Amino acid sequence: MTEQDPANPANVVTRFAPSPTGYLHVGGARTALFNWAFARRHGGTFILRIEDTDQARSTPESTRRIIDDLRWLGLDWDHGPDATPGAEPYSSQIGPAGPYFQSQRQHLYQEHADRLIEAGRAYRCFKTPEQLKAERDQARREKRAYKYDPTEALGLSDSTIADYLSEGRPSVLRFRMPDTDITLNDAVLGDVTIKAAEMEDFVILKSDGFPTFHLANVVDDALMGVTHVLRAQEHLMNTPKHAALQDALGFARPTYAHMPLIFNPDGTKMSKRDKAKAARNAAKDRLKQTGQDVNTLAVSLAAETAVEAGALADFIEARNDDTDTATAIASAFGVPLPEIDVHDFRRSGYLPAVLLNYVALLGWSPGNDIERFDLDFLMQQFDIERIGKSNARFDRAKLLAFNTEAITALSPTSFHKRLIKHDEAEHHFRHALGDERFRMFADCYRERTRTLDEPFVNGRFFVTEDDALTYDPKAVKKVLEKNDGAGFAVLKALADPLQACDPWSIESIEQTITAYATEHDQNLGKVAQPLRVAVSGSTVSPPIYDTLTILGKDATMARIARCLALQPAAGLAAEST
RNA sequence: GGCCCCGUCGUCUAGUCAGGUCUAGGACACCAGGUUUUCAUCCUGGUAACACGGGUUCAAAUCCCGUCGGGGUCACCA
């Protein structure tokens with residue numbers, strides 16, 4: 001009866017352990033979600049642990065971003081950095097096994113490393129990265145499989161090691177792998193055996209004294225009582241190392257479940273690189289168009305972004321793939337970047353629940369043809385047994401369809417609230433329109449938008465200055481100029497009646513327009529389209545009555561007048577065709 | 001290249017563990033038609049898959065072997 005009682009699994013402990021080196025990736029979001037769902041399903045504990053042992057790449061800013069994204073997604077954790085808005089995550093932490101930042105747990109890793117040394121399972125290695133690299137290159141040239149050879153390091157006498165250490169020679173601590181095969185019992189993949197000959201002694205303490213991922217991960221999982229580890233399949237080959245470490249340290253092995261990977265639609269890996277690539281292409285297109293050189297472009301870009309010219313030039317010439325630089329360039333050029341991180345989807349106007357729903361379907365399915373579900377459902381239904389084994393491609397079209405459906409199902413109030421939030425973060429239309437008109441704006445887009453962002457892109461014309469509105473030439477030609485300027489004629493005829501509308505409301509405008517249409521025996525489309533082009537500059541807008549109402553009488557009349565001025569002289573129009 | 005994992009419609013998947021109910025179901029995409037003042041919705045219908053080859057069996061998408069294909073991993077990154 002030493003087995004865990006499945007009826008009383010309150011001891012389930014899972015964790016999400018990101019390294020703070022950027023935004024939260026969608027793949028990370030799925031990992032977090034599954035670990036969260038599994039813990040919740042079993043009434044267990046979900047931990048957020050920050051793996052910031054890479055001094056060079058970890059930043060506090062990334063930590064904040066990740067926490068912010070998790071909160072936006074609606075995933076909460078029981079132990080870890082305090083998620084209360086305004087709390088300082090590094091100093092305010094919750095839970096009995098903290099701190100939850102690996103950078104603050106140095107002594108624990110040191111202790112366990114010492115234990116391994118005492119047990120003869122770890123040893124110092126003074127080979128430099130350069131030496132190691134040379135050996136690997138050599139092996140490659142000889143078409144041999146490279147494997148670290150511990151003979152030299154193991155042969156060092158205690159006194160030699162002491163001498164080297166007192167000289168200040170840099171060294172790492174390596175773990176002595178057992179010479180037996182290791183069989184993993186993966187909850188998704190089943191038994192996987194790795195031969196002893198395939199595994200080498202790996203570094204557990206870097207020369208800067210920080211632990212590697214392997215040591216820190218294993219020590220923390222054990223000390224925090226983690227029982228189940230759901231992680232991406234790219235970690236599969238790390239698992240024998242972790243198992244060996246656990247065995248050597250006398251830790252129980254948690255249950256591992258390795259999840260399939262998520263790829264781009266074209267099968268390439270979904271990575272931050274994709275954003276850099278897209279931004280770089282935009283910059284290169286610009287260079288081609290203008291014939292500028294890189295530095296000139298970098299200087300002019302630096303003027304309108306927060307990034308300095310040198311960094312921009314480096315980025316464009318592919319010397320770095322910095323995401324913030326990519327974002328800056330893309331927004332300067334007005335080109336979209338592929339959504340990769342949770343934050344990207346947030347900016348694109350996806351609902352957090354939809355993103356989670358979609359991402360859960362990548363590698364997991366509840367069966368029974370169920371596809372739409374929420375966190376509550378996952379909390380009750382999620383299980384490891386139904387995690388798939390094969391990699392998935394991320395299909396934005398399907399995500400968009402889910403989002404469209406979810407937005408349409410939102411109550412007007414809920415949609416309005418969310419639109420305000422999105423506006424505040426990204427657009428500031430409400431400031432320009434005022435509360436009442438913004439409310440109408442929200443109402444008329446609710447049933448015709450696929451994301452929270454589209455209204456602002458498609459409805460740009462609502463906030464443009466009347467005389468700054470640009471007209472789509474194709475729309476002008478098709479709707480206004482065609483048939484000897486029939487569209488212009490409609491506008492001209494409608495100007496006075498519209499001017500006479502009082503009050504300026506959907507009802508009065510509708511009455512005016514339908515009256516005109518009936519009188520002239522025209523269908524509504526023939527009347528609405530010229531108006532639409534006149535006030536919006538294009539053939540697309542919300543229903544025309546709503547559009548005019550939100551715009552207001554002054555703007556409507558000004559735009560009609562301005563549009564009429566576009567009309568070529570009657571004779572010219574006839575000749576030009 | 002070594003080792004490891006995977007392989008059902010274009011994509012995500014149900015079905016595989018306990019072989020027959022699968023002339024393989026759903027969703028997204030796509031195509032056709034319809035509703036609609038534009039757009040976005042919405043409605044109806046349709047195209048479309050068990051990677052290939054052997055074997056086991058009365059019976060295989062389901063079990064076994066091989067081939068091919070895809071992916072992961074081979075760091076003082078996590």
Side-chain angles (χ1 to χ4, degrees), chain A residues 17-21 51-54 56-58 102 125 127-129 132-133 136 140 143-147 170-174 184 186 188-190 192-195 197-200 202-208 210-214 216-217 232-240 258 260-261 263 265 267 269 358 361-372 385-386 388-402 404-405 408 445 447-450 454 458 475 479 513-514 517 522-529 531-533 536 538-545 547:
Chain A
S19 66
T21 56
E51 306 216 331
D52 53 353
T53 54
D54 184 342
R57 297 197 305 149
S58 301
Q102 291 187 331
C125 165
K127 279 214 171 101
T128 63
L132 256 9
K133 184 173 186 308
R136 285 191 199 102
R140 175 187 287 251
K143 295 195 169 168
R144 269 188 298 117
Y146 173 80
K147 187 178 168 185
S171 68
V172 299
L173 197 67
R174 279 182 189 269
L184 311 169
D186 191 87
V188 171
L189 300 172
V192 179
T193 300
I194 315 296
K195 299 234 173 22
E198 297 298 329
M199 301 178 287
E200 65 175 15
F202 57 94
V203 176
I204 54 177
L205 240 36
K206 303 182 247 184
S207 58
D208 65 4
F210 274 78
T212 58
F213 157 68
H214 308 297
N217 199 264
Q233 250 175 51
E234 64 195 14
H235 283 300
L236 185 60
M237 286 307 162
N238 288 147
T239 311
H258 286 94
L261 269 18
F263 291 102
K269 207 167 177 181
Y358 178 70
L361 254 13
L362 265 20
W364 185 80
S365 157
N368 297 118
D369 292 340
I370 297 171
E371 272 200 315
R372 322 294 159 107
E385 293 72 48
R386 296 192 66 89
K389 299 179 179 186
S390 47
N391 298 336
R393 296 178 187 216
F394 194 99
D395 179 7
R396 284 190 185 71
K398 183 158 180 171
L399 173 66
L400 222 209
F402 275 35
T404 306
E405 199 175 83
T408 311
Y445 271 111
E447 286 178 308
R448 52 180 17 84
T449 191
R450 303 180 297 179
E454 275 182 354
N458 298 335
V479 177
I513 291 173
T514 48
Q522 294 207 346
N523 67 39
L524 241 26
K526 284 270 185 290
V527 184
Q529 282 306 78
L531 275 172
R532 183 167 274 124
V533 172
S536 77
S538 82
T539 53
V540 179
S541 88
I544 194 66
Y545 314 130
T547 301

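What you are looking at is a predicted structure, and each value in this text was computed from that prediction instead of being measured. Atoms considered below: every heavy atom in the structure, side chains included; atoms not considered: hydrogens, waters and symmetry mates. Residue numbering restarts at 1 for every chain, and letters A, B, ... go by the order of the sequence lines.
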Q) Paired with B:C31: which nucleotide, if any, by Watson-Crick or G-U wobble criteria at under 3.5 Å for both distances? A) B:G45

Q.
Could you identify the nucleotide paired to B:G19, looking across every strand shown and requiring Watson-Crick or G-U wobble geometry with both distances under 3.5 Å?
A. none

Q) For A:A475 and A:S538, which heavy atoms make the closest approach, and how far apart are they? A) CB-CA, 4.2 Å

**Q.** Separation between CG of A:D395 and CG of A:L362, rounded to the nearest 0.5 Å
**A.** 9.0 Å

Q.
Quick check: on RNA chain B, is the nucleotide nearest A:N391 upstream (toward 5') of the one nearest A:N368, or the reverse? Name the residue that is more 5'.
A. A:N368

Q: Could you pick out which residue, A:S19 or A:A528, lies toward the 5' side of RNA chain B when each is mapped onto its nearest nucleotide?
A: A:A528

Q: Identify whether any heavy atom of A:R144 sits under 4.0 Å from a base atom; if not, whether one sits that close to sugar-phosphate; answer base, sugar-phosphate or nothing.
A: nothing

Q) How would you label the contact of A:T53 with the nucleic acid (heavy atoms, under 4.0 Å): base, sugar-phosphate, or nothing? A) sugar-phosphate

Q: Please state the C1' separation for the pair B:G66 and B:A29 - nearest whole angstrom.
A: 36 Å

(Q) Does A:R372 qualify as a cation-pi partner of A:F402, given the criterion of NZ or CZ under 6.0 Å from the six-membered ring centre and within 45 degrees of its axis? (A) yes

Q.
What I'd like to find out is whether the side chain of A:P260 reaches to under 4.5 Å of the side chain of A:K389, using heavy atoms alone.
A. no

Q. How close or far is atom C1' of B:C28 from atom CZ of A:F394, stated in whole angstroms?
A. 13 Å

